[in-house]
Number of protein chains: 2
Amino acid sequence: MNLDDVARHAHVSIATASRVLNDTGPVKNSTRLRVLRAVKSLRYHPNLQARSLAGGKSQTLGMIVSNLENPFFLDIFCALESDAHRHGYEVLVANTDYQPRRLVSSVHLMMGRRVAGLAVIVSEMDPSLMKELMEQNQPIVFYDVGAPAPNISNIRVNYEKGIQKAVEYLYSMGHRRTAFVGHHTRLTPLLDRKRSFLEAMKHYNGKVEWTTATERDSPEGGQLATRQLLESGFKPTAIIVVNDFMALGVLKELRERGLHVPKDVSVTGYDNIGLSNFTCPPLTTVNIPRAEIGRLAFEALVLQKDEMRTQGREFRINPELIVRESSGPAPSLL
Amino acid sequence: MNLDDVARHAHVSIATASRVLNDTGPVKNSTRLRVLRAVKSLRYHPNLQARSLAGGKSQTLGMIVSNLENPFFLDIFCALESDAHRHGYEVLVANTDYQPRRLVSSVHLMMGRRVAGLAVIVSEMDPSLMKELMEQNQPIVFYDVGAPAPNISNIRVNYEKGIQKAVEYLYSMGHRRTAFVGHHTRLTPLLDRKRSFLEAMKHYNGKVEWTTATERDSPEGGQLATRQLLESGFKPTAIIVVNDFMALGVLKELRERGLHVPKDVSVTGYDNIGLSNFTCPPLTTVNIPRAEIGRLAFEALVLQKDEMRTQGREFRINPELIVRESSGPAPSLL
DNA sequence: TTGAAAGCGATACCAC
DNA sequence: GTGGTATCGCTTTCAA
């Protein structure tokens, strides 16, 4: 079932059929009607592969994320997809599970697909792949890595500032023994997050004790890390978690050990995912506007092509602390 | 940058170049090496659109779901994608947000893509679209709708039996005032779910009071529905929620009203999503093996082509009740 | 307003 | 082993 069938069925040339389908060029109304009728009766759906091959342009955007199960990434995807649909694009998403190898293969897949633009929202980016991507001369938007360049845009969140806000807030509430729960510290961007915590802590040098623990990016990981943390003998009055998703597990482990949040231990997350408002107690966190990030990504890839092509652009996002009920004064102050 | 460039760069014909890339047909080792070197140095990535157009086969599977933000659907997607990747396929996912119009456009998109197979995991299926799909003569797997046919497979979960188990369990625990929280009752399959509840309830006719409330498929929806439920004056000792995702909100609303779970109200969910183990208290629920569903979908679409083509197949899944801490004896029995 | 024909970038069959 | 070429389904000049 192809355009040729439709054309024949409508007694027109394939060229004319194409014209009415794409609304390009003039077509007499009566013939247009005949073609449309043929399309309907044959249940014809244009072959999009062929279309983009012939037309030389794709209506597909690509998006690569580290962990689609973490609502942080999922929310960005949904926002991007929503904008994309509104403008007649679709989004092909790939999940790397934080594995550099899968990132490489995903990137190559997207190249093979000749996507119209690619959003790379991952933590496992490495320089050589970065270089390869930049040489592709294709619209790309990175999250939290790289620098703007022709066709390359960047969305950056000042992660450090968010952590600082959390650390300062907890300090002001009297907390002097704080732990950091993170994941995948071997990946540079995530190592940076841990480092942000350490930096912020250094500020209170000598006045604050701290430790860190890491596990997989999941509630289970958060729970496990917390278990290790507490079994090490360290008795934090506050735990800063690298993201809300893991914080779900942190809360659970504390609950199971009979530690009350926030009376015994304060907990803060990061991202402000929708679920963070449904935990028990609701989670103090740092807001990252994921919907906005999705929108910006779309904008960077599709809308401002001309400006992008020449220089790229950088979007900066400042995270805000959101205090809910999982945090409060340190126990000693009660 | 195309195969022609590579061929020229390696001083071979485009045909030979194609052979080494696809490992099809014999090629002298030295020439193969030259081609491979050309590919590397030119950073060539085959155009997948062209490939599948010429080859007449796609390596892409399609998947349409009602609500990707609900972990139930996301988990199925992840399982399917994982299997797909292992076998060299990719998965294009579309999210309908329960809107029949978006379902239609997603289906047409998938047809246009000429996907190798399509998994339709939605609640808003309607007969005419169903018919259109079946006429496509393309591997399809439906979830909980339709019947097996050539090229059409079905995965069905005996939803009713799961609800029955929950209802019976709660009855046995002494609950006599039970509410059902659902969503989108205008969609037939979901209406069926509510009906399952009513049927199960009818069994205890006269001995049990019940009511229902519906809202969006999200924690917020669950919270809202619960609020309406309680403000109507009905005082349930147990709430059966259509799925775990909404149950998150149900638990929150109860908490905020000072109702203790399970002392004052028992709550059961459905699906056994990962999060259901991290709620407070952990959620009693009905297990639906999402990973298995994803696997079955892949199997139905790709693996057993011959068998499928002739008759399709039906997979049945029996849900199991999982009792956790969100449910217990009715208050009057304490 | 319409049709013929040249690509788009691959695959695959058929010669040599 | 290797090269030529028809073909996939569509878009897009260019003429008519």
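Computed from a prediction, not measured in an experiment: that's the story for all the values here. Within every chain, numbering begins at 1; the chains are lettered A, B, ... in the order of the sequence lines, protein sequences first and strands thereafter.
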Rounded distance (nearest 0.5 Å) linking atom CG of A/Asn29 with atom CG of A/Leu36:
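A/Asn29 atom CG to A/Leu36 atom CG measures 10.0 Å (nearest 0.5 Å).
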For this session: State plainly whether the residues B/Glu132 and A/Arg43 are in salt-bridge range, i.e. N to O under 4.0 Å.
Result: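 Salt bridge flag = no for A/Arg43 with B/Glu132.
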Point to revise | Electrostatic pair A/Arg216:A/Asp97 at N-O distance under 4.0 angstrom | key: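 A salt bridge is absent here (no side-chain N lies under 4.0 Å from a carboxylate O).
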Would you mind reading off the distance between [X] atom [atom1] and [N] atom [atom2], rounded to a whole angstrom?
X: A/Arg114; N: C/dG9; atom1: CZ; atom2: P; answer: 8 Å
X: B/Asn2; N: C/dT11; atom1: CG; atom2: C1'; answer: 14 Å
X: B/Asp4; N: C/dG7; atom1: CG; atom2: P; answer: 13 Å
X: A/Leu3; N: D/dT12; atom1: CG; atom2: P; answer: 13 Å
X: B/Ile14; N: D/dG1; atom1: CD1; atom2: P; answer: 21 Å
X: A/Arg8; N: D/dG9; atom1: CZ; atom2: C1'; answer: 13 Å

Discussion item. Under 3.5 Å, is there a donor on one side chain and an acceptor on the other for B/Thr60 and A/Arg113?
Written reply: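 Side-chain D/A pair, B/Thr60 to A/Arg113: present.
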Checking side-chain polar atoms at under 3.5 Å, does A/Glu124 have a donor or acceptor matched by the opposite partner on A/Ser66?
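Result is yes, a qualifying pair exists.
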Candidate list B/Met125, B/Arg156, B/Glu314, test side-chain contact (heavy atoms from CB on, under 4.5 Å), partner B/Phe142, passing option:
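Only one of B/Met125, B/Arg156, B/Glu314 forms a side-chain contact (heavy atoms from CB on, under 4.5 Å) with B/Phe142, namely B/Met125.
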Proximity to DNA chain C (any heavy atom under 4.0 Å), residues of residues 34-61 of chain A only =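 The stretch gives A/Leu53, A/Ala54 as the residues lying under 4.0 Å from the strand, ordered by number.
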Notebook entry, point to check: What parts of residues 15-29 of chain A reach DNA chain C, counting only heavy atoms under 4.0 Å away?
Noted result: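 The answer is A/Ala15, A/Thr16, A/Arg19, A/Pro26, A/Val27, A/Lys28.
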Is a donor on one side and an acceptor on the other found under 3.5 Å between the side chain of A/Asn95 and the backbone of A/Leu68?
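Looks like yes, one N/O pair under 3.5 Å.
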(Q) Show every ring pair (Phe, Tyr, Trp, His ring centres under 6.0 Å) that has at least one partner inside residues 6-57 of chain B, sequence neighbours left out. (A)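 Qualifying pairs: A/His108-B/His45.
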Position toward the 5' end of DNA chain D (nearest nucleotide), B/Thr31 or A/Met1:
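Going by which nucleotide is closer to the 5' end, it is B/Thr31.
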